[in-house]
There are 2 protein chains.
Amino acid sequence: MSETDADTERLTRALRAQGIRITRQRAALLEIMARADDHPDAVELHRRASDELPGISLSTVYRTLAALEEHGVIQRHQFQGETARFEPADAEHHDHMIDVESGEVIEFHSERIEELQAALAREMGYEIVHHRLELYVRKRRDA
Amino acid sequence: MSETDADTERLTRALRAQGIRITRQRAALLEIMARADDHPDAVELHRRASDELPGISLSTVYRTLAALEEHGVIQRHQFQGETARFEPADAEHHDHMIDVESGEVIEFHSERIEELQAALAREMGYEIVHHRLELYVRKRRDA
DNA sequence: CTGGGTGCAAACACTTTGCATCTAT
DNA sequence: ATAGATGCAAAGTGTTTGCACCCAG
């Protein structure tokens, strides 16, 4: 059994325990999300799901994505001007660089930046609930 | 003459020089934006504009906002799940903290964070075109 | 067996657009 | 005078929802 298969099965059990039914549609989407190493949007996920489950409706995809997000299984991102994209919610938080020329999304993480953010918020009397950091970038020509 | 009046007049001239006509509608919106110290959305701006220019249409507001954004006069922000909000584009860049309880938007700036972002992007072979940093926060109770 | 999930179509919220008319320059 | 801007209504886009039927547990 592949690692993502094992992950998916564990997830399935956890979700069922939380009282959410794993239908064929949801199983398909869970599997697709587990495999996805890009950041697909609802329409793209619907396309992928249709391959193994012809007839699955776009509304089901939206409803499932909402449910999975609510249960912390996936994360929704709304990049500048784009439609919502999704990715599996891994343990470690990360931010995104978006290549404005290719649309490619690169993940990164900076503990130093996170610390500065937290310190800044605290100074101003707030605590961070969550944050969003997006760098819209272009490949360096002079590199 | 107030300072914002002077600013608005300067802007008006600059825009006209770039070949965009300053109609009553646009003048009203320029003035409203100059005065705005919050981050209103299109509907709110339409409401404010309607006070001094009854009959102004929402599409004109949208078209004007698009034009002003294109000419770098205002900036558009799309906060998590909200409708687009606008603010005058001042010289100095800043980021936003959004109070998730009140919806209030607080501006801040950290040169240190900006430097780290730039360094990070460079390391990965990119240069930053623009970025977005939003801290979704809540007032500290234990402060 | 039964309540949650699905597919479909219709509704939604926000934003954009086509067109006839108007107005800033 | 005339090209660009407006108001209106209609179309778009991405997403959500009501409802009758279905199927996972």
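Just so we're on the same page: letters track the sequence lines, and every chain starts at 1. Worth saying up front: this structure is predicted, and the values here are computed from it rather than measured.
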Check each of Lys139(B), Arg141(B), Arg140(B) against Glu101(B) using the salt bridge (Lys or Arg N to Asp or Glu O under 4.0 Å) test, and report the only one that passes. Arg141(B)
Could you please spell out the steps behind the ring-ring contact (aromatic ring centres under 6.0 Å, His included) verdict for Phe86(B) and His39(B)? CA-CA 5 Å; Phe86(B) 300 84; His39(B) 297 68; over 10 Å; no
Going by distance alone, is a donor N or O of one side chain under 3.5 Å from an acceptor N or O of the other, for Glu111(A) and His109(A)? yes
Could I get the full list of side chain to side chain donor-acceptor pair (under 3.5 Å) partners for Tyr62(A), not counting sequence neighbours? none
Given atom CD of Glu82(A) and atom C1' of dT13(D), what is their separation to the nearest angstrom? 15 Å
Would you mind reading off the distance between Leu15(B) atom CG and dT25(C) atom P, rounded to a whole angstrom? 11 Å
Assess the side chains of His77(A) and Glu87(A): does a donor N or O sit below 3.5 Å from an acceptor N or O? yes
N/O (side chain, Ser57(B)) to phosphate O (OP1/OP2, dT6(D)) under 4.0 Å: no
Whole angstrom value for the distance that separates C1' of dT6(C) from NE2 of His46(A): 12 Å
Provide, to the nearest angstrom, the distance between the CD1 atom belonging to Ile56(B) and the P atom belonging to dT6(D). 8 Å
Is there a salt bridge (charged side-chain N to carboxylate O under 4.0 Å, His left out) between Arg132(A) and Glu134(A)? Walk through the geometry before answering. CA-CA 6 Å; Arg132(A) 172 156 85 161; Glu134(A) 292 157 15; 3.7 Å; yes
Between the two end axes of the helix from dC1(C)-dG25(D) to dC14(C)-dG12(D), each built from 5 base pairs, what angle do you get to the nearest 10°? 30°
Leu53(B) CG to dA5(D) P, straight-line distance once rounded to whole Å: 16 Å
Heavy atoms under 4.0 Å is the rule here; annotate nucleotides 14-24 of chain C 5' to 3' with B where the base is hit, S where only the sugar-phosphate is, and - elsewhere. SBBBB----BB
For Glu70(B) and dA5(D), give me the distance from atom CD to atom P, rounded to whole Å. 11 Å
Taking the basic N atoms (NZ, or NE/NH1/NH2) and the acidic carboxylate oxygens, is any pair closer than 4.0 Å for Glu115(A) and Arg122(A)? no
Sugar-phosphate only, base, or nothing, as touched by Gly55(A) at under 4.0 Å among non-hydrogen atoms: sugar-phosphate
Separation of atom CZ in Arg26(A) from atom C1' in dG4(C), rounded to whole Å: 8 Å
Any donor-acceptor N or O pair under 3.5 Å, side chains His93(A), Asp95(A): yes
Could you tell me the separation between the CD atom of Gln18(B) and the C1' atom of dT25(C), rounded to a whole number of Å? 17 Å
Return yes if a side-chain donor-acceptor contact under 3.5 Å exists between Glu92(B) and His94(B), otherwise no. no
